[in-house]
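Side chains are part of it too, since the values below use all heavy atoms of this structure and drop only hydrogens, waters and symmetry mates. Quantities reported herein were computed from a predicted structural model and do not represent experimental measurements.
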Amino acid sequence: MEHNVRFSNINGFDGYVVFETRYEGPATTMKTVNAKLYLKKYYKVESNELTALKEAGIDFGKGYVPKKFSFDVEGTVYIGHGLYPAAEKTRLGLSDALGDLTEVYFTESATTAKKKWESAHPGKSYWEETGSFKDEKVVELYLSDLEYEIERILRDYRMANN
């Protein structure tokens, strides 16, 4: 399942992330892959500095995609087409290079429903058939390479314009 999650003013950036979740069993393992990050706004600079960044190739207006990035997303994992939430919120760490592999733990009632469904459907996984990740929220961005590059570009710009 593909997820598209918007965020606002995290470390001065607005944008959105895209990633896929896969539900693999027999254990309740959630795998996240194909993470992408798009930055649409940057609040920590003046408009003339945004122009300098754009001229240097960092254009937030088009949805800038950093070469290296990581982000954390928090949400709720469900089974049973949204009937049974996991025992606690799930936090995923994704990056340009790696996804996440998370073991999800469910309440006793969800585990009972899972066992009952699987006994009625031999050879099938309740988790793989009905798992979902919802109520997603980007909670952290890790962009040290980009922030360093922005700092360098703006330092050069300010020196040239003073």
Side-chain angles (χ1 to χ4, degrees), residues 1-25 27-79 81-82 84-107 110 127-128 130-162:
M1 171 183 268
E2 186 173 277
H3 303 265
N4 185 321
V5 185
R6 297 192 178 286
F7 60 88
S8 181
N9 203 7
I10 297 180
N11 301 339
F13 295 100
D14 280 3
Y16 63 98
V17 299
V18 177
F19 61 95
E20 293 175 39
T21 51
R22 298 180 183 157
Y23 311 97
E24 300 176 351
T28 50
T29 303
M30 184 169 69
K31 183 178 186 179
T32 52
V33 295
N34 300 327
K36 296 176 184 84
L37 169 66
Y38 301 90
L39 301 173
K40 300 292 285 178
K41 288 185 181 177
Y42 186 50
Y43 295 105
K44 292 185 176 181
V45 295
E46 302 295 325
S47 63
N48 59 330
E49 294 171 325
L50 278 174
T51 301
L53 291 172
K54 183 177 180 179
E55 289 171 359
I58 300 176
D59 186 357
F60 296 107
K62 293 184 178 181
Y64 182 73
V65 179
K67 291 177 187 152
K68 292 188 179 247
F69 62 85
S70 296
F71 59 87
D72 290 351
V73 176
E74 191 175 84
T76 304
V77 179
Y78 293 89
I79 58 174
H81 300 292
Y84 301 102
E88 56 189 42
K89 288 240 182 235
T90 300
R91 188 170 180 141
L92 306 170
L94 296 103
S95 74
D96 56 290
L98 298 171
D100 196 338
L101 191 62
T102 304
E103 184 76 22
V104 181
Y105 299 96
F106 288 93
T107 61
W127 172 239
E128 290 178 6
T130 69
S132 61
F133 183 59
K134 299 180 180 180
D135 311 317
E136 312 96 321
K137 179 181 180 182
V138 177
V139 292
E140 193 63 61
L141 295 176
Y142 305 99
L143 299 167
S144 56
D145 287 358
L146 175 62
E147 289 170 336
Y148 175 76
E149 182 66 10
I150 287 172
E151 214 175 272
R152 184 193 61 76
I153 292 166
L154 293 179
R155 182 179 59 244
D156 292 349
Y157 169 78
R158 290 173 186 140
M159 287 177 63
N161 290 290
N162 279 335

Do you know the tightest heavy-atom contact between [X] and [Y]?
X	Y	value
Ala52	Ile153	O-CG2, 4.1 Å
Ser132	Gly82	OG-N, 4.4 Å
Lys36	Phe69	CA-CZ, 3.9 Å
Ser70	Ser95	OG-CB, 3.4 Å

- request: Look at atom NZ of Lys89 and say whether more than 12 heavy atoms of other residues, nucleotides or ligands are closer to it than 6.0 Å.
  value: yes

task: Evaluate whether atom CD of Glu46 has more than 12 neighbouring non-hydrogen atoms of other residues, nucleotides or ligands under 6.0 angstrom away.
output: no

message: Tell me if a side-chain donor or acceptor on Trp127 pairs with a main-chain N or O of Ile79 at a distance below 3.5 Å.
response: no

By ring pair (Phe, Tyr, Trp, His ring centres under 6.0 Å) - contacts of Tyr42 (at least two apart): Phe13, Phe60

Please tell me if the side chains of [X] and [Y] come closer than 4.5 Å, counting only heavy atoms from C-beta onward.
X	Y	answer
Tyr38	Asn4	no
Glu140	Arg91	yes
Met30	Leu92	yes
Lys134	Thr76	no
Phe71	Ile10	no
His3	Thr21	yes
Val73	Lys137	no

Spatial distance of atom [atom1] ([X]) from atom [atom2] ([Y]) [nearest 0.5 Å]:
X	Y	atom1	atom2	answer
Lys31	Thr102	NZ	OG1	12.0 Å
Glu2	Asn34	CD	CG	8.5 Å
Glu88	Phe106	CD	CZ	11.5 Å
Asp100	Thr29	CG	OG1	11.0 Å
Lys54	Asp59	NZ	CG	5.0 Å

message: Assess whether a salt bridge exists between Lys44 and Glu49, defined as any Lys/Arg side-chain N lying under 4.0 Å from an Asp/Glu carboxylate O.
response: no

- request: Please lay out, stage by stage, how Arg22 and Val33 fare under the test side chain to side chain contact (heavy atoms under 4.5 Å, CB included).
  value: CA-CA 8 Å; Arg22 298 180 183 157; Val33 295; 3.6 Å; yes

- line: Only residue of Val45, Leu53, Asn48 satisfying side chain to side chain contact (heavy atoms under 4.5 Å, CB included) with Tyr157 is Asn48

- prompt: Are side-chain N/O atoms of Tyr78 and Asp135 paired as donor and acceptor at under 3.5 Å?
  reply: yes

- prompt: What residue pairs, at least two apart or across chains, pass side chain to side chain donor-acceptor pair (under 3.5 Å) with a residue in residues 7-17?
  reply: Ser8-Asp14, Asp14-Tyr43

Side-chain atoms of residues 141-150: list all donor-acceptor pairs with protein atoms under 3.5 Å, sequence neighbours left out, distances to 0.1 Å.
{"from": "Tyr142", "atom 1": "OH", "to": "Asp72", "atom 2": "OD2", "distance (Å)": "3.0"}
{"from": "Glu149", "atom 1": "OE1", "to": "Arg152", "atom 2": "NE", "distance (Å)": "3.3"}
{"from": "Glu149", "atom 1": "OE2", "to": "Arg152", "atom 2": "NH2", "distance (Å)": "2.6"}

